[in-house]
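Encoded as structure tokens, the structure appears first; notes follow it.
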Amino acid sequence: MALGTALLAACGDAGGAATTRGEATTAAGSAGEADTGEADTGEPTDACAGALDPGPSPLRRLTHTQFANTVRDLFPGVTLPPLTLMVDPEVHGFENNAGAQSPSALLVEQVQRAALAVTEAAMAAPQGWLPCGVDGGADPVGCGHAFLREFGGRAFRRPWTADEAEAFLGFFDQQLAEAGFAVALPLTLQAIVQAPQFLYFFEFGGAPVDGASGVVALTGHELAARLSYFLWDTTPDAALLAAAAAGELDTAEGVRAAAERMLADPRAREAMVNFHRQWLDFDAIETIDPDPEAYPGYAPELKDSLRGELERFVAWVLFEGPGTFEALLMSPRAEVDAGLAGLYAVEGPADGWAVAELDARRAGILTRAGFLAGTSHAIHPSPVQRGIFVLSRLLCAPPAPPPPEVSTELPEETGETPTTNRERYAEHTARTECAGCHRTIDGIGFGLEHFDALGRWRAQDGGQPVDARGELVGTDVDGPFDGAIELSARLAGSAQARGCVVTQVFRYALGRSTEAADRCQTARLRAEFEDVRGDMRALLLAVVTSDAFRHRRGGAP
């Protein structure tokens, strides 16, 4: 156990500078959108015909989700206990950004505890993963060495080096002599899953790329890891490791073939739901707390329904449905349970989930109750939260934070005169110091005023007809619109929004923020995304076959 802890601690600050969640959010909102020109929807320029530059390749670490999925797959047939690992600060909404993955003493302790819990559970159920039993059988040395070499190759996502074999097998032999197989094996396994080679993605690359100064192609095993943790959120399977060893990932065509196989695997569905969870902020549902007087029918169990619908919807769009960004914004298809059926006023099942077609007032992600509830306060919906979501997540153009001296509090309702939510928020644009930003923010959010803080449709607010007229400002689809359907249709037809999708997928796939060096790469990907009319599945394949995904700058990671 000491071996693994020492190896983990040796990585020190390898993951990048420490940052708090608030600081990460600020970085994503202010500097983040100036780093790449996300709104640039043009074709690659003449400058892109020069030498290949794949951009930076910072040292990345497994996320808490990837750690849990990986140990699950390394020990098939074992029911693992819940693992407590801290969630890294979000950058641009994502949890896998290398710049925020600085280790801490707490994380080291949590990984150590997780390794102990995993190996205890595994040793209690060895039938599915250990060939010789917990006593080592007739040849504990031979079994231990053979198994650890095979396990270590899967855990490190490549064959062990001679030095690694000497270190880990030597540790096993020492423990075997002192305490026996049943102690030596779990201790060595704990060391492996605490090792930097397991926790981090070490990418040194292989052959230099002709005509690209200082650029090297990633090795097959490095690409296998990138593919697997992007498309599956877990370790490569035997087929992917075999493809890497055989040189089948050395070409873009080989990478595409591997990715197509992976996208047909159920693990891709789970991983892509996780990507959408972060991109579209499904976690906001966990923080909703509707006022019991305003929403007497609300029960906390509805959170599971709200989240479940969003997860089912994005999975259907990507894997069974049209697979397009337009469908994500415009499809009226839903899956509902009994609680959501009442909220949507559609017929629902007595238990479980059933497909439903929503009425003409709803289409796509912006009209789903989970999104609408997650962007609301206890009583009233928040045009500000809804507007910022669209600007940040769908247009990659987040507004700057308010000046520190400006109050963001809304005036209290007096109760003397019915006041609509829109009228109260109009206070923003009445203040000179707020009007510049809030014309852009609230102009989007007002278009969703037909939906209350639970995502229910409402025709009136405060005794007055709802005014859901809005305006898009500073986009490629500027102009007035009326209601959520018109807003969603504008966004579905926006080249800026499609370009933002490319940026979000690119950031997530590479685990880093975009930089000026990525301009040519993302411009090419945007052009390809336009050519396939916003096909999200095609975009995933375009990203994994891109130069940035398959190469790195030379030198130490």
Side-chain angles (χ1 to χ4, degrees), residues 1-11 14 59-62 66-67 69-76 111-112 114-115 118-119 122-123 126 129-132 136-137 139-177 181 183-207 216-229 234-250 552 556-557:
M1 195 180 307
L3 174 63
T5 305
L7 289 170
L8 171 59
C11 272
L59 183 62
R60 294 185 290 145
R61 173 169 40 80
L62 297 178
Q66 292 168 345
F67 183 100
N69 290 347
T70 300
V71 294
R72 174 202 66 195
D73 292 344
L74 288 174
F75 294 101
V111 169
Q112 185 177 17
V118 166
T119 54
M123 293 298 287
W129 61 274
L130 184 59
C132 55
D139 182 10
V141 174
C143 175
H145 281 212
F147 172 74
L148 287 170
R149 283 183 181 275
E150 186 272 338
F151 179 90
R154 289 189 290 123
F156 290 1
R157 294 145 331 242
R158 54 161 177 76
W160 270 356
T161 65
D163 287 344
E164 288 165 348
E166 181 181 358
F168 287 102
L169 297 182
F171 179 73
F172 168 78
D173 289 343
Q174 178 186 358
Q175 301 303 316
L176 181 66
F181 188 91
V183 172
L185 183 64
L187 285 178
T188 309
L189 294 174
Q190 290 168 35
I192 290 172
V193 298
Q194 293 177 79
Q197 300 95 313
F198 173 76
L199 295 169
Y200 288 86
F201 300 98
F202 289 102
E203 298 174 335
F204 296 95
V216 296
L218 293 179
T219 67
H221 286 97
E222 291 165 351
L223 270 174
R226 278 199 179 189
L227 281 168
S228 191
Y229 283 97
T234 189
T235 195
D237 65 358
L240 190 55
L241 291 176
E248 296 173 9
L249 303 183
D250 294 348
R552 61 161 284 126

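Ring geometry for Tyr200 versus Phe202: interplanar angle of 30 to 60°, hence tilted. Below 30°, between 30° and 60°, or above 60°: for Phe198 and Phe67 the angle between ring planes is above 60°, a perpendicular geometry. Between Phe147 and Trp129, the two ring planes are tilted [angle within 30° to 60°].
The shortest side-chain heavy-atom distance between Phe172 and Phe181 falls under the 4.5 Å cut-off. Residues Arg154 and Asp73 fail the side-chain proximity criterion, which asks for heavy atoms closer than 4.5 Å. By the 4.5 Å heavy-atom criterion applied to side chains, Arg158 and Glu164 are counted as neighbours. Between Leu148 and Leu185 there is a side-chain heavy-atom pair separated by less than 4.5 Å. Between Leu199 and Val111 there is a side-chain heavy-atom pair separated by less than 4.5 Å. Within the 4.5 Å cutoff, side-chain heavy atoms of Leu62 are placed close to those of Phe201. Considering only heavy atoms from C-beta on, Leu240 comes within 4.5 Å of Leu249 through its side chain.
The backbone N or O of Asn69 lies less than 3.5 Å from a partner atom in the side chain of Thr234, making a donor-acceptor pair. Under a 3.5 Å cut-off, the side chain of Arg157 and the backbone N or O of Gln197 do form a donor-acceptor pair.
Closest approach of Pro140 to Gly137, counting heavy atoms only: CD-O, 3.7 Å. Smallest separation of non-hydrogen atoms from Ala224 and Pro236: O-CG, 3.7 Å. Nearest approach of Ala165 to Arg149, heavy atoms of both residues: CB-NH1, 3.7 Å. Of all the heavy atoms in Val216 and Phe204, the pair that sits closest is CG2-O, 3.7 Å.
Rounded to the nearest 0.5 angstrom, Thr188 OG1 and Gln174 CD are separated by 9.5 Å. Between the CG atom of Leu187 and the CD1 atom of Ile192 there is a distance of 11.5 Å, given to the nearest 0.5 Å. Note: Met123 CE to Leu130 CG = 6.5 Å, rounded to the nearest 0.5 Å.
Here the options are His221, Arg552, Arg226, the test is side chain to side chain donor-acceptor pair (under 3.5 Å), and the partner is Glu203; only Arg226 passes.
Around atom CD of Glu150, more than 12 heavy atoms belonging to other residues, nucleotides or ligands sit under 6.0 Å away.
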Practice prompt. Applying side-chain contact (heavy atoms from CB on, under 4.5 Å), run through Phe168 and Phe156 and close with a yes or a no.
Written response: CA-CA 12 Å; Phe168 287 102; Phe156 290 1; 3.9 Å; yes
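In this view, Ser228 satisfies the side-chain hydrogen bond (donor to acceptor under 3.5 Å, both in side chains) rule with no residue, not counting sequence neighbours.
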